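Just so it is clear, the structure is predicted and the values come from calculations on it, not from any experiment. Convention: sequence-line order gives letters A, B, ...; per-chain numbering from 1.
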Amino acid sequence: MTKILKVAVSVPLRRLFDYVPPAGTDAADLKPGVRVEVPFGRRRKFGMLMGLADEPEVDRGRLKEASAILDSEPLLSPDDLRLLSWASRYYHHPIGEVVAAALTVLLRKGSAAEWAGERLLRPSTEDLASAEQACARAPRQAALIRLLREHPNGVPHSRLGELDWDWRSAAEGLIRKGLASWCENREADAPACHSAVSPPFTLNPDQQEAIAAVRAALGAYTAFLLEGVTGSGKTEVYLQLTQEVLARGGQIMILLPEINLTPQLQARFRSRFSVPVAIFHSGLTEAERRRSWLGMQRGEVSILLGTRSAVFMPVKSLGMIILDEEHDTSFKQQDGFRFSARDVAVMRARLLDIPVVLGSATPSLESVYNVSQGRYRHLRLPHRAGGAAQPGFRLLDIRGHRLREGLSPALIAYIAETLARGEQALLFVNRRGFAPTLTCHACGWVARCRRCDANLVVHAGDHRLRCHHCGFEQSLVGSCSGCGSEDLRPLGLGTERVEKALGEIFPGARAVRIDRDSTRRKGRLEALLNDIHEGRVDILIGTQMLAKGHHFPRVTLVGITDVDSGLYSTDFRSGERTAQLVTQVAGRAGREERMGTVVLQTRHPGHPLLHVLIREGYSGFAKACSEERRAALLPPFAYQALWRAEASDIEAPRRFLERVANLANQRTSRDLQVLGPVPAPMARRAGRQRYQLLFQSGLRNLLHGNIEALLPRISELDEAKRVRWSIDIDPIDLY
DNA sequence: AGCACGCCGACT
DNA sequence: GTCGGCGTGCTC
């Protein structure tokens, strides 16, 4: 009896599809991990062969024949497939979409997986002018030669593909005449610096100890939490660990939270190692992504720097995974397939039996908990390299003080002193725009978004009102739409407003604003950072962007205008986030020999966690905050899964989630809490009503078992058809 | 998710 | 009379 192909197709259905092998193909020759072209409904799709079976799960009469096998060798190894199956089960996400997340768009669309580098047609002679004459009777060959003259280093295959005539025959003609040849450009991303291998830096004892511990674990699974204060030399540890992995003939994957962090690190890796370094993030073109992907898959590239989407990339002989800034929430995909690249990385290391290193100056409470449970090994780098001092904290009680655009007289004085010393000050403001609200002083009307439960944000720069949640915008109105009064006032603080105020208070100072608005244009952020480093800036005003990874050696004062907004919030994780943010922003100050000061404006100077953070630093905070979580039975002491539903109909999401809650309660277990449904924190967004339902349990298996049992019944519900719903395992934003 | 089938309003 | 609105049903 012929074998049945079990194929993952990229559709939101939680199952595999059975096919008969294409005519003339013996299923016995097929290995899982090859792509299969299949008829699917009325369409053709590309799927992934996940396995072979003796019997189909549907009637034989319903089976169709697969149309083609795309790959002679598997694109994904059994290890890769095991990881994807685990992720599909753990995140309760359709297998086809999970597999799609491991491929690039071109590979998903059936593109060939033949060469990692782009093929180039390169001239074989210097004298192209006479070569063109020699081809006078072959106009197409002559045309190709003119193209070769424009690209003396070779015409990329993709460029040839843009020609609307038969360039292949012409190229073959040129090759026969010895005028051109094909070559493979495997290192298009990595020119020049391959030969320059800079020597490693000398390590301090902490770094030596950390490296020795990880080195000893090579070849087997261990998860490490590398807790290193800002400036403690984590990157050097990563570089030397990379060296260790390469020396053993392995490949290494280094995952980072943001694209804008990669260039500096990329430069450091490229100047240190003589092997190709591949990059993988959403800013690359599809051809570049495929090149990096195939380079790692075939083992031709040894080092990968990538963002969360790279965690599923196949790697021929992966020796170690490093994930830097492990606390960063951008490792969690927030839509569609909601995986955590950090947790997937740990599971991948476990399945492959290799070490994984999670680095951070401010580890997540989840990772701190895993250390306390003995699941992760703790490595510490508590000292700043070069002996730079840790910044000093000052709590500024702003109660009863007259503020000028959110700035207290004391903070203004601190800034003045800093400027007088010729040093830079950094102001952290957690909202972009001029003011988060526009209100009518006469009647109290507030500018609201018509599609969301949110206020419109005033942008003074271009005189517009914007909704930061759905993208709605309109020009700044001149009068109240309620009472007609023209006394409209911006309420609250945004980066633009603080920038304007500082310009008035310090007219001679050069202030720059760094937020999504001021850095939207390509290259703008780099230009601003360059100005800052060259000392052409006195005051920096910015959002979270300033807290991430950038080094500002000239900054000696950091001001946080409003810590309270992060301390008092409905989200139980906001305290942890605020402490991470404060510590990270503080880490930007007082590099090298200059001592930094961090000033926190607050109306709650007695807040216990704030005090712990200042007195004992982040690890003291983490301990205290963990105790609160333990007492409240919140993560990491409980496991959560969040059901979300949205629809334009007001009732549908609530009715659907009530059905889910009922089904869950039928399976009663005291160990599973079903909380809700409740309206999402912003119940209406982009014109859709949003509800959520939280499952929580101290027992992970029980939580997952319940979800698994529920899912088939939920898919069949009539209510499910009227909403868009999803499930988020280990949610980090309860929104 | 796509894509088609299917039944009700304003247009050549 | 038809083009097209998006409800609902299916994909081995």
With a 4.0 Å cut-off, would you call A:Arg348 and A:Asp80 a salt bridge?
yes
Pairing of A:Arg82 and A:Asp79 as salt bridge, 4.0 angstrom limit:
yes
Separation of B:dG2 atom C1' from A:Arg724 atom CZ, nearest Å, is 14 Å
Please write out the pairs of protein N or O atoms and N or O atoms of nucleotides 5-11 of chain C separated by less than 3.5 Å, giving the distance to one decimal.
from: C:dT11; atom 1: O3'; to: A:Gly41; atom 2: N; distance (Å): 3.1

Less than 6.0 Å separating the ring centroids of A:Phe280 and A:Trp293?
no
Roughly how many Å is it from CE in A:Met50 to C1' in C:dC12, rounded to a whole number?
16 Å
Nucleotide B:dG2, atom C1' - distance to NZ of A:Lys45 in whole Å
7 Å
To the nearest Å, how far apart are A:Asp335 CG and B:dA1 P?
12 Å
Residue pair A:Glu326 / A:Ser364, side-chain donor-acceptor N/O under 3.5 Å
yes
Could you state the NZ-C1' distance from A:Lys6 to C:dC12, rounded to the nearest angstrom?
9 Å
Test the A:Arg722-A:Phe656 pair against the cation-pi criterion, namely NZ or CZ under 6.0 angstrom from the six-membered ring centroid and within 45° of the ring axis.
no
So, are A:Lys721 and A:Asp718 salt-bridged, with charged N and O less than 4.0 Å apart?
yes
